[in-house]
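These numbers come from the heavy atoms of this one structure, side chains and all, not from hydrogens, waters or symmetry mates. Within every chain, numbering begins at 1; the chains are lettered A, B, ... in the order of the sequence lines, protein sequences first and strands thereafter.
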4 protein chains.
Amino acid sequence: MAGDRGGPARRTSRGERTRGRLLEAARQVMAARGFGAARIEDIVAAAGVSHGTFYTYFENKAAILDALIDTAAAQLQAVVDEPWDGPDGQAAIEAVIGRFVRVFAEHADVVRVWLEASANDAHFAARLTEVRGGYVGRVAEVLAPALTGTTHDPTLAAGALVAMVEGAVTQGVTGARDGDPAAVVRTLRSLWVGGVLRLAEDAG
Amino acid sequence: MAGDRGGPARRTSRGERTRGRLLEAARQVMAARGFGAARIEDIVAAAGVSHGTFYTYFENKAAILDALIDTAAAQLQAVVDEPWDGPDGQAAIEAVIGRFVRVFAEHADVVRVWLEASANDAHFAARLTEVRGGYVGRVAEVLAPALTGTTHDPTLAAGALVAMVEGAVTQGVTGARDGDPAAVVRTLRSLWVGGVLRLAEDAG
Amino acid sequence: MAGDRGGPARRTSRGERTRGRLLEAARQVMAARGFGAARIEDIVAAAGVSHGTFYTYFENKAAILDALIDTAAAQLQAVVDEPWDGPDGQAAIEAVIGRFVRVFAEHADVVRVWLEASANDAHFAARLTEVRGGYVGRVAEVLAPALTGTTHDPTLAAGALVAMVEGAVTQGVTGARDGDPAAVVRTLRSLWVGGVLRLAEDAG
Amino acid sequence: MAGDRGGPARRTSRGERTRGRLLEAARQVMAARGFGAARIEDIVAAAGVSHGTFYTYFENKAAILDALIDTAAAQLQAVVDEPWDGPDGQAAIEAVIGRFVRVFAEHADVVRVWLEASANDAHFAARLTEVRGGYVGRVAEVLAPALTGTTHDPTLAAGALVAMVEGAVTQGVTGARDGDPAAVVRTLRSLWVGGVLRLAEDAG
DNA sequence: AATGAATGAGTGTTCATTCAT
DNA sequence: CATGAATGAACACTCATTCAT
């Protein structure tokens with residue numbers, strides 16, 4: 001995993017607990033202030049440890065975000081790795097979108113921070129490209145058969161659909177019925193399915 | 001307009017030119033490095049003026065981004081303010097999406113920086129919410145008639161569609177046929193139209 | 001007390017020593033160059049610590065002067081708070097003036113800096129007014145009985161007498177027999193006592 | 001006179017007027033903000049001229065204060081140069097103190113700024129020492145005959161008395177009957193005369 | 001004489017990171 | 001493992017002064 005410090009820490013359960021507290025604190029602080037504005041000071045204060053202890057567990061500020069991203073990325077990847085039927089299987093596509101939305105929503109704060117960090121840091125930009133490329137590519141694969149013979153590029157379409165889900169969840173789609181993730185899934189599913197059907201109809 | 005320094009500067013055409021050069025330089029530097037990492041030093045070097053001159057025209061780093069955002073926001077708003085037919089007028093909706101995409105693409109660099117700055121700065125977050133709220137609300141209005149009798153919330157749907165366009169353009173869904181904005185517009189238009197038609201079919 | 005940085009610092013005796021060195025350095029540097037011209041750079045160099053360490057103990061340049069003033073103000077206040085006999089008790093008045101002169105002389109450098117800072121900074125001006133008001137008021141109280149029936153205002157007289165002591169010491173009325181504070185006390189005492197007796201004789 | 005710029009300015013009456021406006025503006029701004037915090041920008045704004053014009057009339061910021069001090073110093077000197085009787089001539093001493101108070105009061109704002117500038121600038125400190133030395137020396141001369149045979153140093157006593165007057169006026173002696181300069185003169189005169197008489201009584 | 005745009009040296013302050021205890 | 005004091009590089013910002021017009 002990225003972001004660890006190989007050293008002595010994490011051998012004992014006490015160290016494990018401290019590390020966990022730091023991760024949770026970093027997540028909260030970065031969600032609240034953003035990556036750039038989050039100070040180590042804030043994180044250690046939230047975790048209830050001393051300043052120096054931070055560096056027992058993480059090499060630097062980037063490393064702790066990296067560790068946070070590890071978790072989110074793994075779950076995002078899992079959605080993609082699971083079996084996935086074509087766009088015609090309504091229930092299947094709905095399940096996939098549902099999982100996407102749920103995972104994104106669960107990690108929306110980390111993803112927001114990740115997006116911000118990508119603007120300044122090539123490493124985070126690369127990880128983003130890699131992870132996004134992974135699931136956009138998978139979606140494109142699924143879309144491809146339906147789009148043969150049309151003028152639409154599967155990767156372009158996949159990117160747009162994924163951006164729709166990512167944006168809808170990351171931006172909070174607030175103003176609407178926040179409280180009901182099921183409603184969000186339902187609407188996104190219809191937009192996705194309807195959009196894909198339309199693409200398929202556009203003859204070359 | 002936000003982002004100006006009230007009094008002294010910009011009375012002569014020479015001053016006007018300097019201010020313009022600073023804006024262009026800021027745009028380039030911030031697009032390349034992001035807002036946080038962009039140093040005044042970089043901006044003035046790119047503009048070919050001295051360090052102090054920056055502050056003749058802008059109160060601080062945030063102010064010059066504010067000025068950049070003024071332009072982008074005005075054009076985004078213009079797209080929304082123009083007459084706009086219902087979702088059935090195919091040509092009309094295509095034109096709107098086309099304009100949206102074009103404006104977003106034209107200011108994609110500024111929007112990216114704006115997104116980053118929003119993570120740290122309440123002012124930019126508020127401006128983003130305001131501008132986004134404006135066009136999401138307008139799209140929702142247009143969608144509303146088609147969605148009566150369905151379970152879909154117009155604002156939620158509008159937010160998702162706008163996120164799709166914003167994300168597709170901002171993230172440079174490139175990787176695919178970059179060079180062809182017309183292709184992007186065509187695919188986004190089909191996804192949008194198809195998605196909306198599908199929503200309308202979903203009976204409550 | 002004003003001038004501290006709340007939390008982290010000053011828990012260990014090492015920190016305590018560093019803080020003390022900074023205070024002493026600030027006192028010397030400000031006495032030599034004045035408040036405005038004293039640079040943090042000069043202070044940390046004199047204290048033998050790094051630039052950043054300054055901010056571990058004091059929020060900014062004003063805060064360290066504030067801390068210096070805390071000490072001076074407390075001692076000035078102490079002179080006033082001690083028991084104090086009427087203007088007739090010769091020995092008593094001499095003791096008070098002596099203490100005044102000694103405290104002023106001991107903190108003359110800080111008071112000079114304080115006076116300078118008051119010209120630019122409302123906070124220091126307010127503290128000065130407050131402290132001065134305190135002992136001028138006390139002196140006026142003591143003077144009041146002797147001045148009933150005369151045309152003299154006790155506060156005015158007290159202000160003038162205090163200004164005499166403050167000015168004599170602060171300006172280093174030196175040039176004359178510097179080395180001998182006792183001589184200064186003796187002369188000031190006679191001027192003070194003689195002046196007050198004269199005021200008392202002036203019938204309304 | 002110190003503080004002028006020899007050049008083209010001040011030849012025409014228009015130039016003369018501009019120079020006067022700058023002096024008056026500098027006086028106001030420096031009185032309000034202090035010397036250090038007064039910006040050329042503030043002064044030219046108050047004078048209603050452009051930034052560059054300042055340097056047509058004064059070499060730098062110090063020069064304009066120097067010019068202001070010229071006037072005050074000359075009048076202070078005049079008080080001292082006028083004929084002056086011994087400490088026994090009641091009317092005479094009262095007249096001198098009255099003139100002192102009046103001149104100090106008239107230029108109190110400039111003197112305050114001058115005091116502040118002396119803390120940072122050797123030139124102003126030197127001028128202050130020179131001017132003060134002048135009138136303190138004169139007062140000491142006058143006092144000397146009365147103090148022969150006592151333990152009191154005339155210069156020390158003179159310094160204290162002058163500090164009393166200077167302090168009383170410069171600090172606004174507020175809290176008391178501000179509005180009545182005559183009352184201030186009366187009280188200061190009694191303190192002065194009573195003090196001196198007492199000194200004279202102290203046998204060596 | 002006047003204007004105001006341009007300059008750039010100077011300095012306060014922040015904060016990630018190190019290290020002695 | 002934990003602590004928190006110390007470090008110092010990095011930057012934003014100010015403002016007196018110059019100079020082309």
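Taking 4.0 angstrom as the limit, C:Tyr55 places none of its side-chain polar atoms (N or O) nearer than this to OP1 or OP2 of E:dT14. OP1 and OP2 of F:dC1 both lie 4.0 Å or more from every side-chain N or O belonging to A:Thr56. Between C:Tyr57 and F:dA6, a side-chain N or O to OP1/OP2 separation shorter than 4.0 Å is present. The phosphate of E:dT7 has OP1 or OP2 within less than 4.0 Å of a side-chain N or O from B:Ser50.
Between A:Glu41 atom CD and F:dT3 atom C1' the separation is 13 Å, expressed in whole Å. Taking atom CZ of residue B:Arg21 and atom C1' of nucleotide E:dA6, one finds them 11 Å apart after rounding to whole Å. With rounding to whole Å, B:Arg19 atom CZ is found 17 Å from E:dA6 atom C1'. The separation between A:Glu59 atom CD and E:dT17 atom P is 9 Å, rounded to whole Å. Atom pair D:Ile40:CD1 and F:dC19:P shows a separation of 17 Å (rounding to whole Å applied). Between B:Arg14 atom CZ and F:dT21 atom C1' the separation is 8 Å, expressed in whole Å. In this structure, B:Arg33 atom CZ and F:dA10 atom P are separated by 14 Å, rounded to whole Å. The nearest whole Å value for the distance from the CD1 atom in C:Ile64 to the P atom in E:dG12 is 12 Å.
Each of A:Gly52 and B:Thr18 was matched to the nucleotide of DNA chain E holding its nearest heavy atom; the match closer to the 5' end belongs to B:Thr18. Each of B:Ala38 and C:Val49 was matched to the nucleotide of DNA chain F holding its nearest heavy atom; the match closer to the 5' end belongs to C:Val49. Annotation: of the two residues near DNA chain E, B:Thr53 and C:Arg39, the 5′-most nearest-nucleotide partner is B:Thr53.
A:Arg33 places no side-chain N or O within 3.5 Å of a backbone atom of A:Ala38 that could act as its donor or acceptor partner. Not a single donor-acceptor pair under 3.5 Å links the side chain of A:Arg112 to the backbone N or O of A:Ala31. In this structure, B:Arg27 contributes its side chain and B:Val110 its backbone to no donor-acceptor pair below 3.5 Å. Proximity of a side-chain donor or acceptor of A:Arg127 to a complementary backbone N or O of A:Asp66 within less than 3.5 Å is detected.
In this model, no side-chain donor or acceptor of B:His51 finds a partner on the base of E:dT7 within 3.5 Å.
The only member of D:Val49, D:Asn60, D:Ile64 that meets side-chain contact (heavy atoms from CB on, under 4.5 Å) when paired with D:Phe54 is D:Ile64.
E:dG4 and F:dC19 make up a base pair, with Watson-Crick or G-U wobble contacts both under 3.5 Å.
Side-chain proximity of C:Lys61 to F:dA6, E:dT13, F:dT17: nearest is E:dT13.
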